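Beneath this line is the structure, given in structure tokens, with notes to follow.
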Protein chains: 2
Amino acid sequence: MAEEVNPLIRALEQYDVLSDEERDALRALPLRTRLLQKNEEIIREGDRPTHSCLLVAGFAARTQNLEDGKRQITNLHAPGDFVDLHSLLLKRMDHNVIAFSDCEVAFIPHGALRELIDRHNHLSRLLWVTTLVDAAIDRAWITCLGRRPAIDHLAHFICELFTRLKGRGLNDGNSILFGATQVELGDILGMSTVHVNRTIQDLRKLGLIDWEAGRVTIRDFDRLADRAGFDPAYLNQWVEPR
Amino acid sequence: MAEEVNPLIRALEQYDVLSDEERDALRALPLRTRLLQKNEEIIREGDRPTHSCLLVAGFAARTQNLEDGKRQITNLHAPGDFVDLHSLLLKRMDHNVIAFSDCEVAFIPHGALRELIDRHNHLSRLLWVTTLVDAAIDRAWITCLGRRPAIDHLAHFICELFTRLKGRGLNDGNSILFGATQVELGDILGMSTVHVNRTIQDLRKLGLIDWEAGRVTIRDFDRLADRAGFDPAYLNQWVEPR
DNA sequence: CGTCGTGTTGAACCTAGTCAATTTCCGTGG
DNA sequence: CCACGGAAATTGACTAGGTTCAACACGACG
């Protein structure tokens, strides 16, 4: 089988097999892709978007801003993730989505997507699945934030990120490219920048990871996963009739 | 209009208007209800359920257990919430659902639900919406856990709980019945029991709430919401074509 | 009347946050 | 090739928010 290039098809094929007809239907969707620079807003809280969007390249983040200027990232997205299927049904965005790195995003008009899901039940379910997986990730983040110490939390995040990227062939052996600053990492983990710095150093000293210049190398995945209590099942990285 | 008694219909009517035909389809679903005692497991991590379930009365909680015996509650559910639509598409549960109080749960076979969503696009979307609202709540929890001090977090939780219950007429003026122990509250908020105790006292001293014997009374919602940075929009408590 | 679960309190401890300074890295222009 | 400036990483000292441990009070229940 030739490597599929349509990002939508690749996104959904992660979770189940698609028929030729379904592929055709997906290919027929009017995608318009756009390049965005790091930190550009993709969608703003309060918006009522007319398009949904799929991340084709780079990273995107969901963010919520607090009154006092603090920021929390509630999920991070890798190529192949839908970063906004919510607005198709919820209509009003309750959070922001920003370009976490320079990235490429494909926009799909809600109208076309609505027609697609009304006509293709199976595709509709698979789109639903993508939002359910996002929710599973959110739950894992809640547990890390609520009950794990900083070092385990960071370890868990690295395991998750690595596993998600690897699931799409975006790893490079046991390292990944992830150009987040420590400030941004703090917004992901709910920690201060200083503490992020010290926690990374702790993982380094334990010989579990290297992290330099936007390249994260996992030196001992098993030990890292063990310390983090990481079980990849929640990522649902398998094909199954749905 | 007569008060609707079918819990499924009430659940979906929160988000959009239903046609008579849709109501009939929902009424035709084979519900089997069951009474559960507090702390009984409704679904266990790793299960591959054959039924989805809807909470009819009482509270239910999603929980994740850590290696060291710690526990985190990742979402709380009130009557009218689906507590397991996930397994319909994700197949394998990545977390537990337990009876948070004595409660009544309606089970619906996956087969019947699948037929329903294949036949009724609009109902399918509304079911999807319920999972999206859950995800929105998860995001709010992440932000509270990551970036808010304990007192604001607790205030936010109370605002959320009150608003969700009020949306279903389950409030009693400005108080609600919520029989959680402080240990359980700790599992919700990601705090130690002792700190929960002290934080509740802080809110009491500020004149914002009373909390005694399972009854939470909000003495000044505006001030409470203000301190918590609570904006109810994410709960999507309105009817809108979806 | 004893026991257990829950709420409450105090004190010691520790993880993580804050503030401020310093160093490293990197891109730019000369 | 080097000097400069700004962003990011790192470090130290101090503080604060939150945890832990232990004790005690209270009420429900057998």
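In the text below, chain A, chain B and the rest are named by the order of the sequence lines, each starting its count at 1. The structure presented is a predicted model; accordingly, all values stated were derived computationally and were not measured.
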Inset, instruction - Report the residues that fulfil salt bridge (Lys or Arg N to Asp or Glu O under 4.0 Å) with B:Asp152, sequence neighbours left out, ordered by chain and then residue number. - result: B:Arg227
Legend entry - Carboxylate-amine/guanidinium contact A:Arg215 A:Asp210, below 4.0 Å: no
What are the atom names and distances for every N/O pair under 3.5 Å that joins the protein to nucleotides 23-29 of chain D?
none

Inset, instruction - Mind listing the residues from residues 182-203 of chain B sitting with a heavy atom below 4.0 Å of DNA chain C? Number order is fine. - result: B:Gln182, B:Val194, B:Asn197, B:Arg198, B:Gln201
Inset, instruction - Provide, to the nearest angstrom, the distance between the CD atom belonging to A:Glu212 and the C1' atom belonging to D:dA8. - result: 15 Å
Legend entry - A:Arg139 and its side chain to side chain donor-acceptor pair (under 3.5 Å) partner, picked from B:His95, B:Gln64, B:Gln72: B:His95
Name the pairs: protein N/O against N/O of nucleotides 24-26 of chain C, kept only if under 3.5 Å.
none

Legend entry - Smallest separation among heavy atoms of B:Arg34 and B:Phe107, with atom names: NE-CE1, 3.7 Å
Legend entry - Close approaches to DNA chain D from residues 137-162 of chain A, in residue order (heavy atom, under 4.0 Å): none
Inset, instruction - State, yes or no, whether a side-chain contact exists between B:Ile158 and B:Leu203 at a heavy-atom distance under 4.5 Å. - result: yes
Legend entry - Stretch residues 64-78 of chain A: residues that reach within less than 4.0 Å of DNA chain C through a heavy atom: none
Legend entry - Intermediate values then yes/no, side-chain contact (heavy atoms from CB on, under 4.5 Å), B:Trp211 and B:Phe178: CA-CA 9 Å; B:Trp211 190 318; B:Phe178 182 61; 4.0 Å; yes
